[in-house]
Amino acid sequence: MAKEIPAFFIEKLHEAKVQFERTIDCKHTEFDDLYPYMNEQPQFFWYKRYVAWQELLTIVKLANELDISWKEEFNEAQQRFIEDKVLDAKVLDEWYGKKRTEA
C-alpha cells in the first residue's frame with residue numbers, strides 16, 4: 001500500500017530530527033553500526049553529527065521542492081538553524097533551547 005507523499009516526508013523528517021538529536025546527545029545511532037571501528041576516534045562524533053545534519057537538510061530541501069510544510073516539526077530557533085544550513089557549535093548548544101544548556 002502506497003503512502004501519501006506528504007505523510008511520508010513528515011515521517012522521514014521526524015526520523016531525521018530524532019537521529020540528529022541523538023547525535024547531539026552522544027547517543028547510539030544507526031551510523032554507529034556502519035562504522036563500529038570509528039567509535040573510539042574523537043572526530044567521529046562530529047562526523048556523525050554532520051551526516052545526520054545533512055540528512056535532515058536533504059529531507060527539508062526535498063519537502064520544500066514538493067511544497068510540503070515541514071516547519072511545524074521544529075521550534076523557531078530550529079527552523080532558523082535549518083534555513084541557515086550551517087552546523088556549528090551554536091546549533092548544538094541551542095538546538096533544545098537556551099534553558100536546557102543553562103540547566
Separation between CG (Leu57) and CG (Leu62), nearest 0.5 Å, reads 11.0 Å
Please round to the nearest 0.5 Å and tell me the distance separating atom OG1 of Thr29 and atom CZ of Arg49.
11.0 Å
Could you tell me which non-hydrogen atom of Ile59 sits nearest to which non-hydrogen atom of Ala16, and how far apart they are?
CD1-CB, 3.7 Å
Straight-line distance of Phe9 CZ to Trp70 CH2, nearest 0.5 Å
14.0 Å
Is Met38 reachable from Val51 through a run of hydrophobic residues whose side-chain heavy atoms are each under 4.5 Å from the next?
yes
Once you round to the nearest 0.5 Å, how far does NZ of Lys48 lie from NZ of Lys27?
11.0 Å
Does the pair Phe81 and Glu94 meet the rule for a side chain to side chain contact (heavy atoms under 4.5 Å, CB included), with working shown?
CA-CA 10 Å; Phe81 294 144; Glu94 297 180 15; 3.9 Å; yes
In short, Leu13 meets Glu73 closest at the heavy-atom pair CD2-CG, 3.7 Å
Please check if atom CD in Gln43 has more than 12 non-hydrogen atoms from other residues, nucleotides or ligands closer than 6.0 Å.
yes
Does the side chain of Phe74 come within less than 4.5 Å of Leu56's, by heavy atoms?
yes
Other residues, nucleotides and ligands only: do more than 12 of their heavy atoms fall within 6.0 Å of CD on Glu30?
no
Atom CZ in Phe20, atom CD in Gln78: separation rounded to 0.5 Å?
9.0 Å
Say you draw a straight line from CD of Glu4 to CD1 of Ile10; how long is it, rounded to the nearest 0.5 Å?
13.0 Å
Distance-only donor-acceptor check, side chains Gln19 and Thr23, under 3.5 Å
no
Report the C-alpha separation of Val86 and Trp53 in whole Å, then their side-chain angles, then the decisive distance to 0.1 Å, and conclude whether the side chain to side chain contact (heavy atoms under 4.5 Å, CB included) test is met.
CA-CA 9 Å; Val86 176; Trp53 181 246; over 6 Å; no
Given the rule that I, L, V, M, F, W and Y join up when any side-chain heavy atoms are under 4.5 Å apart, are Tyr50 and Val91 in one cluster?
yes
Which heavy atom of Trp46 sits nearest to which heavy atom of Asp88, and what is that distance?
CH2-C, 4.4 Å
Are Arg80 and Glu83 within salt-bridge range, i.e. N to O under 4.0 Å?
no
Go through Leu87 and Leu92 one step at a time and tell me if the side chain to side chain contact (heavy atoms under 4.5 Å, CB included) criterion holds.
CA-CA 8 Å; Leu87 179 61; Leu92 300 175; 4.0 Å; yes
Over 12 foreign heavy atoms within 6.0 Å of CZ, Phe8
no
Does His14 NE2 have over 12 foreign heavy atoms under 6.0 Å away?
no
Derivation and outcome, ring-ring contact (aromatic ring centres under 6.0 Å, His included), residues Phe31 and Phe44:
CA-CA 10 Å; Phe31 194 73; Phe44 180 71; 5.8 Å; yes
